[in-house]
S.K.: 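Just passing along the structure, written as structure tokens.
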Amino acid sequence: MEPTISEKAWNPELEKKILKQWEDEKIYDFIPQENNFTIDTPPPYPSGRPWHIGAAAHYSQIDMIARTARMAGKNVYFPIGIDRNGLPVELYTEKKHKIRMKETDRNEFLNLCRSALDDLEDEMILIMKNIGISGDFANYYRTDSEEYRTLTQSTFIDLWKKGQIYLANRPNNYDWVSGTTIADAEITYENLSTKLVYMKFKIKDTDKEIIIASTRPELICACKTIIVNPEDERYTQYIGKKVIVPITNAEVELRTHHSAKQEFGSGAVMVCSYGDQNDVALFRELELEEIVAIGLDGRMTKVAGNYAGLKPKQARTKIIEDLETNGFVEKIEEIIHRTPISERSKIPIEIIPMEEYYLKQKESVEKIKKLGQEITFHPTMHKQILMNWLESINIDWPISRRRYYGTEIPIWYCKKCSEPYVPEPGKYYKPWNEKCPISNCIKCNSTEFIGEERTFDTWMDSSVSPLFISKFNRDDEFFKKVYPASIRPQAKDIVRTWLYYTLLRCEQITGEKPWTEAWIMGYGLDEKGMKMSKSKGNAIDPLPVIEKSGADTFRFWSASEINHGYDFRCNEQKIESTKKFLSKLWNVSRFLSSFPIIESGIPNESDKWILSELDNLVKECKKGYDEYNFFIPAIAIREFTWNLFAAHYIEMVKARAYGIDFSDEERDGAIFTLHKVLSTILKLLAPITPFITEYLWNALYSKESIHKQMQVKAENLEIKSDITKEILEFNSKVWNEKKSQNLSLKDSIKIEIPKILEPFKKDLESMHHLED
RNA sequence: GGGCUCGUGGUCCAGGUCGGUUAUGACGUCGCCCUUACACGGCGAAAAUCCGGGGUUCAAAUCCCCGCGGGCCCA
């Protein structure tokens with residue numbers, strides 16, 4: 001009997017053929033029915049090469065969700081999208097072409113961004129296809145498409161009309177040389193030498209004074225309170241007292257706050273709008289009213305009195321002189337200060353309040369908490385990230401950005417009276433480049449308009465993904481069938497952003513939750529447990545790894561190494577060595593391919609034993625698959641296949657399967673059981689390693705794809721775990737005995753079979769060549 | 001600074017809710033072995049202060065407290 005599988009090892013090259021087979025047969029196409037299972041797939045962001053290997057692992061697992069659901073009999077809708085809005089591509093483009101966004105023609109800059117995205121996107125699509133993602137690539141979407149941006153704008157217009165959007169002044173990082181708000185990502189820190197000025201502040205109605213140290217004395221005019229550490233006994237007596245600010249003579253309260261460090265300066269800190277990020281946090285937390293001391297031109301404003309019009313640095317020099325002249329200075333120290341610097345203009349940034357659009361969210365918090373409670377989280381513990389975040393929300397969401405590559409805010413303003421005009425939803429608008437859709441201002445009848453130049457925060461786009469994939473506003477019938485989606489799979493680090501914003505936006509628009517389940521994956525770290533980054537040089541490029549080891553190896557590594565929800569380490573060697581298991585599976589199948597497939601057989605005791613263990617495995621796998629935790633089935637299947645089925649059962653029944661010294665009936669029992677076990681293993685493993693299982697399934701059992709089969713159900717057989725232990729121990733004993741006697745495994749030996757193993761006597765005798 | 005989370009052989013990981021056998025398995029290392037699927041294999045061996053300290057208990061990797069270290073998010 002020759003094996004029908006002739007190659008001696010699994011060849012990852014076969015994956016390409018199988019991919020084509022799936023594509024040709026269109027086995028993953030989606031037509032909405034009644035039992036739809038919609039996956040709100042995260043659209044990855046093409047931010048630069050290489051793509052993160054942790055992300056490749058992440059998408060592998062999302063595909064396992066799809067395949068698990070499909071084999072559970074669900075009609076799976078698995079859309080694929082690419083997220084293309086936002087800052088990273090702008091920075092990438094500026095760097096690549098050595099240009100500055102604000103100094104480049106907007107249309108030209110957008111085109112450069114678009115072509116950069118196209119290149120990066122191609123590689124991501126290639127990786128996703130190669131790792132076996134069973135999504136609908138033919139219809140993949142982009143968040144910067146006209147269709148998508150129309151949705152983002154329409155939802156904004158809807159919320160505008162409902163009064164959920166407002167304009168407000170809030171502090172932002174500001175680079176006054178470039179004249180733009182900058183993101184935290186664009187700030188670097190430099191240790192610069194600066195003066196720490198110890199100033200005397202009088203306590204009101206006493207003759208006492210306290211010393212306050214500051215590197216920004218020019219902001220004294222914007223000082224709103226003085227803080228000391230609650231445990232700082234030097235100041236206990238002054239808590240709650242009014243303090244007189246030098247020069248301005250303003251009265252401010254002295255209060256306690258844990259952020260004041262006793263050992264820095266005098267331990268007492270003046271809180272000004274805005275010296276640093278801590279000031280921003282304190283103004284917000286203590287609900288202080290801000291004073292704008294620095295304007296958009298980077299100069300002191302009129303609240304600075306005599307110092308108005310000066311640059312902060314000049315004002316600092318002058319105010320130190322004046323403080324000294326008036327006897328307000330105790331001493332001045334030269335210190336090294338960690339100063340935030342704009343990455344582009346290399347100047348210290350200022351924190352300046354700017355007018356931006358906000359989406360109301362504070363009043364939705366309770367509703368979102370309730371929705372959060374209704375959604376099943378996998379794993380449960382990560383629901384806490386959302387709940388903690390909801391607890392800490394204390395401002396509304398700033399949604400406007402002074403950037404180019406994003407969805408435009410669809411507003412025009414009357415040139416004469418500034419009245420805003422928001423157009424009708426259902427169309428994609430570019431106000432910076434298009435005429436206002438109305439000809440006359442509703443308020444003053446003027447005919448001239450100015451288009452809004454700002455774009456949305458990219459989360460405004462990403463947060464409506466469940467609406468986009470369900471064709472909200474585009475196809476009502478489709479929408480009704482697939483919304484809410486079944487599951488949102490995503491990474492842990494964006495629960496506070498993507499997951500939360502999606503809940504908020506979808507609730508505001510539909511009044512419903514966007515999905516019934518959320519699946520949260522941990523974070524991919526390097527082999528030492530450090531975050532991967534290009535600058536550290538520890539980033540692993542997934543493409544060569546997948547090409548070398550094959551998608552199934554990579555996927556099995558991902559399933560067997562990553563416990564769901566926890567952070568995981570990526571190690572190329574580990575990935576490569578996972579191949580050994582696939583090799584084992586391949587050779588088990590190759591062995592079985594030399595026996596005919598028979599419909600039924602009468603299992604003997606050995607057969608019944610492995611079938612009961614198999615049934616136990618089915619149960620164990622179901623437990624994992626039910627919560628989309630692939631770690632559980634991966635480990636259990638490997639353990640069973642390698643350490644029970646191959647190592648013990650196959651060895652026990654080999655002679656019987658060949659029919660040597662056994663009756664035909666006994667032989668058929670073995671062959672029947674072998675195939676039953678293998679076909680079950682293949683099905684159990686199919687969601688995790690779709691390629692090799694498909695190949696073996698086709699080669700041995702059926703030409704119809706394994707991914708169209710129903711998952712195996714447990715038969716609830718009685719489990720004989722004490723027998724298992726005895727068999728393993730007995731086999732080990734025989735092998736050791738032969739070894740110590742320098743015998744080959746095919747030599748005969750005389751060892752007594754324990755009583756409990758009596759039912760397996762004939763199989764064990766033939767396996768070990770035991771003498772009577 | 002705050003929140004969440006993790007810390008078990010050289011490496012990765014199980015066990016932890018609900019305290020009780022000899023702490024699971026894989027990778028790697030070493031030794032032996034061609035055995036009618038597989039040398040990408042088999043058998044076997046060495047390898048662990050279960051991060052540190054304290055507490056509860058007859059009994060702690062597991063429960064409690066305090067530290068230390070890593071990671072993520074927020075500030």
Side-chain angles (χ1 to χ4, degrees), chain A residues 1-3 5-11 184 229 257-261 276-282 284-285 379-389 391-394 491-497 500 520 522-532 549 553 556-557 560-563 565-571 573-595 631-632 634-636 638-640 642-643 645-647 650-651 654-655 657-658 660 674 678 731-740 742-747 767-769:
Chain A
M1 285 174 284
E2 280 300 305
I5 296 170
S6 54
E7 301 79 7
K8 275 195 161 187
W10 163 242
N11 179 3
D184 291 345
N229 195 287
H257 196 270
H258 59 85
S259 68
K261 292 189 189 105
D276 58 23
Q277 284 295 341
N278 195 44
D279 284 344
V280 177
L282 282 163
R284 191 182 297 160
E285 186 181 330
T380 329
M381 65 172 178
H382 285 336
K383 185 180 276 194
Q384 204 53 41
I385 303 175
L386 173 67
M387 292 306 166
N388 291 346
W389 177 235
E391 284 302 326
S392 69
I393 286 173
N394 52 23
K492 183 174 91 174
D493 50 343
I494 51 172
V495 169
R496 292 167 144 113
T497 48
Y500 164 69
I520 314 293
Y523 202 79
L525 306 169
D526 79 356
E527 54 193 306
K528 295 192 189 82
M530 301 290 176
K531 187 177 181 165
M532 281 190 227
S549 306
T553 297
F556 192 77
W557 164 79
S560 64
E561 197 89 353
I562 303 173
N563 200 350
Y566 295 95
D567 293 344
F568 56 96
R569 300 184 183 197
C570 306
N571 180 321
Q573 253 185 338
K574 269 273 164 75
I575 295 169
E576 178 64 17
S577 59
T578 310
K579 202 189 238 171
K580 293 173 79 172
F581 171 66
L582 299 192
S583 216
K584 194 73 199 176
L585 181 70
W586 178 269
N587 279 298
V588 165
S589 307
R590 192 165 91 93
F591 173 60
L592 290 217
S593 77
S594 54
F595 301 108
F631 185 79
I632 293 171
I635 296 284
R638 181 179 63 192
E639 197 59 22
F640 173 86
W642 209 325
N643 294 340
F645 184 53
I650 290 184
E651 296 302 330
K654 205 181 264 180
Y658 281 125
I660 302 165
L674 284 167
L678 178 63
N731 289 340
S732 195
K733 186 178 161 192
V734 178
W735 287 322
N736 268 326
E737 190 57 34
K738 284 192 175 177
K739 185 170 225 181
S740 67
N742 265 329
L743 292 171
S744 157
L745 288 182
K746 64 185 170 193
D747 291 334
M767 169 182 181
H768 293 297
H769 310 281

S.K.: Report the base-pairing partner of B:rC72 (Watson-Crick or G-U wobble, both distances below 3.5 angstrom), or none.
M.R.: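 Check on B:rC72: paired to B:rG3, both distances under 3.5 Å.
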
S.K.: Can you measure A:Phe640 atom CZ to B:rA26 atom P for me and round it to whole angstrom units?
M.R.: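 Computing the A:Phe640:CZ to B:rA26:P distance gives 16 Å.
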
S.K.: Taking the inter-plane angle between the rings of A:Phe640 and A:Phe645 on a 0 to 90° scale, is it parallel (under 30°), tilted (30 to 60°) or perpendicular (over 60°)?
M.R.: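 A:Phe640 vs A:Phe645 ring planes: parallel.
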
S.K.: Check the phosphate of B:rA37 against A:Tyr658, side-chain N and O only, distance under 4.0 Å to OP1 or OP2. Yes or no?
M.R.: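 For B:rA37, OP1/OP2 do have a side-chain N/O of A:Tyr658 under 4.0 Å.
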
S.K.: Between B:rC27 atom P and A:Phe556 atom CZ, what is the distance in whole Å?
M.R.: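 Taking CZ of A:Phe556 and P of B:rC27, I get 11 Å after rounding.
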
S.K.: Using atom C1' of each nucleotide, how far apart are B:rG2 and B:rU17 to the nearest Å?
M.R.: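 Straight-line distance between the two C1' atoms is 27 Å.
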
S.K.: Output, in order, the C-alpha distance, side-chain angles, deciding distance and verdict of side-chain contact (heavy atoms from CB on, under 4.5 Å) for A:Glu561 and A:Ile575.
M.R.: CA-CA 9 Å; A:Glu561 197 89 353; A:Ile575 295 169; over 6 Å; no

S.K.: For the P atoms, the ones on B:rU29 and on B:rC73, what distance do you get once it is rounded to whole angstrom?
M.R.: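 Pairwise P distance, B:rU29 against B:rC73, rounds to 36 Å.
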
S.K.: Protein within reach of the bases, or only the backbone? For nucleotides 39-48 of chain B, mark each nucleotide 5' to 3' as B, S or -, using heavy atoms under 4.0 Å.
M.R.: SBSSBS----

S.K.: Got a sec, which residues hit salt bridge (Lys or Arg N to Asp or Glu O under 4.0 Å) with A:Glu737, two or more places apart in sequence or on another chain?
M.R.: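 Counting only residues at least two positions away or on another chain, A:Glu737 forms no salt bridge (Lys or Arg N to Asp or Glu O under 4.0 Å).
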
S.K.: Name all residues meeting the salt bridge (Lys or Arg N to Asp or Glu O under 4.0 Å) criterion together with A:Lys584; count only those two or more places apart in sequence or in a different chain, and write none if there are none.
M.R.: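 Listed in chain order: nothing, the list is empty.
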
S.K.: Measuring from atom CD of A:Glu639 to atom OG of A:Ser560, what distance do you get when rounded to the nearest 0.5 angstrom?
M.R.: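 Rounded to the nearest 0.5 Å, the CD-OG separation comes out at 12.0 Å.
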
S.K.: Hunt down the Watson-Crick or G-U wobble partner of B:rU24, both distances under 3.5 Å, from any strand shown, or write none.
M.R.: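 Matched B:rU24 with nothing under the 3.5 Å cut-off.
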
S.K.: For A:Gln384, answer base if it contacts any base atom (sugar-phosphate contacts may also be present), sugar-phosphate if it contacts only those atoms, and nothing otherwise; contact means non-hydrogen atoms under 4.0 Å.
M.R.: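 Nothing, no heavy atom under 4.0 Å.
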
S.K.: Applying a 3.5 Å limit to both distances, which nucleotide forms a Watson-Crick or G-U wobble pair with B:rA61?
M.R.: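 Its partner: none found.
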
S.K.: Distance-only, no hydrogens or angles: does the A:Arg590 side chain make a donor-acceptor pair with backbone N or O of A:Ser6 under 3.5 Å?
M.R.: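 A pair under 3.5 Å: yes.
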
S.K.: What's the spacing between A:Ile385 CD1 and A:Met381 CE if we round to 0.5 Å?
M.R.: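 One gets 7.5 Å once the value is rounded to the nearest 0.5 Å.
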
S.K.: Using a cut-off of 4.0 Å on non-hydrogen atoms, how would the nucleic acid contact of A:Gln573 be classed: base, sugar-phosphate, or nothing?
M.R.: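 The residue A:Gln573 makes no contact with any strand.
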
S.K.: To the nearest angstrom, how far is A:Phe568 atom CZ from B:rC72 atom P?
M.R.: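 Checked: the CZ to P distance equals 13 Å.
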
S.K.: Contact class for A:Lys654 (heavy atom, under 4.0 Å): base, sugar-phosphate, or nothing?
M.R.: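 The residue A:Lys654 makes base contact.
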
S.K.: Considering Watson-Crick and G-U wobble pairs with both distances under 3.5 Å, what does B:rU36 pair with?
M.R.: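 Here B:rU36 is not engaged in any pair, so there is no nucleotide opposite it.
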
S.K.: Considering every strand shown, what is the Watson-Crick or G-U wobble mate of B:rG52 when both distances are under 3.5 Å?
M.R.: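 B:rG52 is paired with B:rC66.
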
S.K.: Does A:Trp557 form a side-chain contact (heavy atoms from CB on, under 4.5 Å) with A:Glu576? I'd like the steps, not just the answer.
M.R.: CA-CA 8 Å; A:Trp557 164 79; A:Glu576 178 64 17; over 6 Å; no

S.K.: A:Arg638 or A:Phe591: which one's nearest nucleotide on RNA chain B is closer to the 5' end?
M.R.: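 First, find each residue's nearest nucleotide; the 5'-ward one identifies A:Arg638.
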
S.K.: Distance between the C1' atoms of B:rU57 and B:rA45, in whole angstroms?
M.R.: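 After rounding to an integer number of Å, I get 38 Å for this pair.
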
S.K.: Please report the interatomic distance CG(A:Leu592) to CG(A:Asn587), rounded to the nearest 0.5 Å.
M.R.: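 Separation between the atoms: 11.0 Å.
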
S.K.: Taking the C1' atom in each of B:rG28 and B:rU35, what is the distance between them to the nearest angstrom?
M.R.: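 To the nearest whole Å, 26 Å.
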
S.K.: Taking only the C1' atom of each, what is the distance from B:rG44 to B:rU5 in whole angstrom?
M.R.: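 Rounded to whole Å, the distance is 39 Å.
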
S.K.: Indicate yes or no for a side-chain donor-acceptor contact from A:Trp10 to the backbone of A:Lys579 under 3.5 Å, with no hydrogens or angles considered.
M.R.: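 Between the backbone of A:Lys579 and the side chain of A:Trp10 there is no qualifying donor-acceptor contact (under 3.5 Å).
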
S.K.: Can you measure A:Asn571 atom CG to B:rC27 atom C1' for me and round it to whole angstrom units?
M.R.: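 Rounded to whole Å, this separation is 9 Å.
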
S.K.: To the nearest Å, how far apart are A:Asp567 CG and B:rC12 P?
M.R.: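 Distance, rounded to whole Å: 14 Å.
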
S.K.: Rounded to whole angstroms, how far apart are CG on A:Leu582 and C1' on B:rC38?
M.R.: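 It is 13 Å, rounded to the nearest whole Å.
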
S.K.: What integer number of Å spans the P atoms of B:rG70 and B:rC32?
M.R.: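 Those two atoms are separated by 44 Å.
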
S.K.: When we call it a touch if two heavy atoms are under 4.0 Å apart, what does A:Arg496 touch: a base, just sugar-phosphate, or nothing?
M.R.: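 Base: the residue A:Arg496, judged by heavy atoms under 4.0 Å, touches a nucleobase.
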
S.K.: When rounded to the nearest Å, what value does the distance between P atoms of B:rG7 and B:rA46 take?
M.R.: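 Per the computed distance, 27 Å lies between those P atoms.
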
S.K.: Starting at atom CG of A:Leu592, determine the distance to atom P of B:rA37, rounded to an integer number of angstrom.
M.R.: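 Nearest whole value for this atom pair: 11 Å.
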
S.K.: What's the CD1-P distance between A:Ile385 and B:rC6, to the nearest Å?
M.R.: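 From A:Ile385 CD1 to B:rC6 P: 11 Å.
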
S.K.: Using the side-chain heavy atoms of A:Arg590, tell me which of these nucleotides is nearest: B:rC74, B:rA37, B:rC12.
M.R.: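 Out of B:rC74, B:rA37, B:rC12, the nucleotide with an atom closest to A:Arg590's side chain is B:rA37.
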
S.K.: If you assign each of A:Lys574 and A:Glu639 to its closest nucleotide in RNA chain B, which residue comes earlier from the 5' end?
M.R.: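 The 5'-side residue here is A:Lys574.
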
S.K.: Any base atoms under 4.0 Å from A:Ile660, or only sugar-phosphate, or nothing? Heavy atoms, all strands.
M.R.: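 Base contact - A:Ile660 has a heavy atom under 4.0 Å of at least one base atom.
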
S.K.: Nearest to the A:Asn388 side chain among B:rU35, B:rG3, B:rC74, which nucleotide is it?
M.R.: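 Looking only at side-chain atoms, A:Asn388 lies closest to B:rG3.
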
S.K.: Under 4.0 Å from OP1 or OP2 of B:rC4: is there any side-chain N or O of A:Lys492 that close?
M.R.: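 So the side chain of A:Lys492 is outside the cut-off, no N or O lying under 4.0 Å from OP1 or OP2 of B:rC4.
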
S.K.: Given the C1' atoms of B:rA59 and B:rG1, what is the spacing between them in whole Å?
M.R.: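 B:rA59 and B:rG1 have their C1' atoms separated by 41 Å.
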
